[in-house]
Amino acid sequence: MEIEVQQEGDVAVAAFRGSLDRLTANEALQALTQQVLAGHAKLVADLSGLDYISSSGLRTLLSVMKDCRAKGGDFRLAGASPDVGKVLELSGFTGILKTFPTRDAAVQSFA
Amino acid sequence: MTRPGTEEALEDLLGFAEGALAELGADSSATFAMRLAVEEAVTNVVTHGYAGREPGPVTIRIAREPNALLAEVEDQAPPFPPEAAPEVDPSAPADVRVPGGLGWYLLRQMVDGLSYETRPPGINVLRLTKKLTEEV
């Protein structure tokens, strides 16, 4: 699992690569929490490189969303594959987190 | 594969499930679904089943029939039949969501068949089936 963060205006974009599972969820949570603590509460997760997610990964996404909203920002998802998107949908996350087909659309949604 | 049901062994166990499923060459959605179901089952045993006691073993078996992926997860924790898992409301709004609790819910959604039995001397066997179809 790799997460690469880039700043686009006042929005931070975290690009995920690999698997967000029980083995990597804590590491991802720490990386993203660090972003929020550094003042980047407008955060986009670019999931286009994410090939797998489990309930541990969902837990990370939910925690980060709560942190971002508590700081007056938001955490939005972009580019999920059909399989990852299905897990987000089944778990009800598409009703809780704003999701976008592309990274650009998610970034622009903060404008 | 059999490993102790510990945090330290999770990397081996989950890595084995991922690799063994990938080798079977089923379509990516079915492979994804079974990997997720096995991860949730194994994680539950390690996190909850063996919590507060000396961890026993966890065994994972992966196989393929012509039209299905099969997986077995075996443990020696106190029996936890799937129907004992808490209900999850996936339509609950964000402010009442607590992180976690989705494992069994997702596991059930991912597979087409699920059976659970405890046989003497206290070995639990969870059997999972994921059908392979053209539409998947």
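Everything numeric in this text was worked out from a predicted model, so none of it was measured. Just so we're on the same page: letters track the sequence lines, and every chain starts at 1.
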Residues, nucleotides or ligands: over 12 heavy atoms within 6.0 Å of B:Arg127 CZ: yes
Check the pair B:Arg35 / A:Ser19 against side-chain contact (heavy atoms from CB on, under 4.5 Å), numbers first and verdict last. CA-CA 11 Å; B:Arg35 179 181 169 192; A:Ser19 298; 3.0 Å; yes
Heavy-atom contact with chain A under 4.5 Å, split by part of B:Leu10: both
For chain B, the option from A:Leu58, A:Thr60, A:Asp21 that forms the most heavy-atom pairs under 4.5 Å: A:Asp21
Closest heavy-atom pair and its distance - B:Ser29, A:Asp83: OG-OD1, 2.8 Å
Apply side-chain contact (heavy atoms from CB on, under 4.5 Å) to residues B:Met110 and A:Leu90 and explain how you reach the verdict. CA-CA 10 Å; B:Met110 288 295 122; A:Leu90 282 170; 3.4 Å; yes
Single-linkage hydrophobic cluster B:Val73~B:Phe80, side-chain heavy atoms < 4.5 angstrom: yes
Hey, quick one: are B:Leu36 and A:Phe16 part of the same hydrophobic cluster, counting side-chain heavy atoms closer than 4.5 Å, chains of contacts allowed? yes
CZ of B:Phe32 to OG of A:Ser81, rounded to nearest 0.5 Å, is 6.0 Å
For the atom pair CG (B:Leu14) and CG (A:Leu23), what is the distance rounded to the nearest 0.5 Å? 5.0 Å
Please list, in residue-number order, every residue in residues 41-55 of chain B that has a heavy atom less than 4.5 Å from any heavy atom of chain A; write 'none' if there are none. B:Thr43, B:Thr47
Do the side chains of B:Ile60 and B:Leu21 join up, straight or via other hydrophobic residues, at under 4.5 Å, putting them in one cluster? yes
Atom CD of residue position A:Glu89 - does it have more than 12 heavy atoms of other residues, nucleotides or ligands inside 6.0 Å? no
Are B:Met34 and B:Val125 connected, step by step, through hydrophobic side chains (Ile, Leu, Val, Met, Phe, Trp, Tyr) whose heavy atoms are closer than 4.5 Å? no
Just by distance, with hydrogens left out, do A:Tyr52 and B:Glu18 show a side-chain donor and acceptor under 3.5 Å apart? no
Please report the interatomic distance OG(A:Ser54) to CG(B:Leu107), rounded to the nearest 0.5 Å. 11.0 Å
Chain A contact via B:Glu11 - side chain, backbone, both or neither, heavy atoms under 4.5 Å: both
Backbone N or O of A:Arg22 within a donor-acceptor pair of the B:Glu39 side chain at under 3.5 Å? yes
Is there a continuous path of hydrophobic side-chain contacts, each under 4.5 Å between heavy atoms, that joins A:Leu43 to A:Val11? no
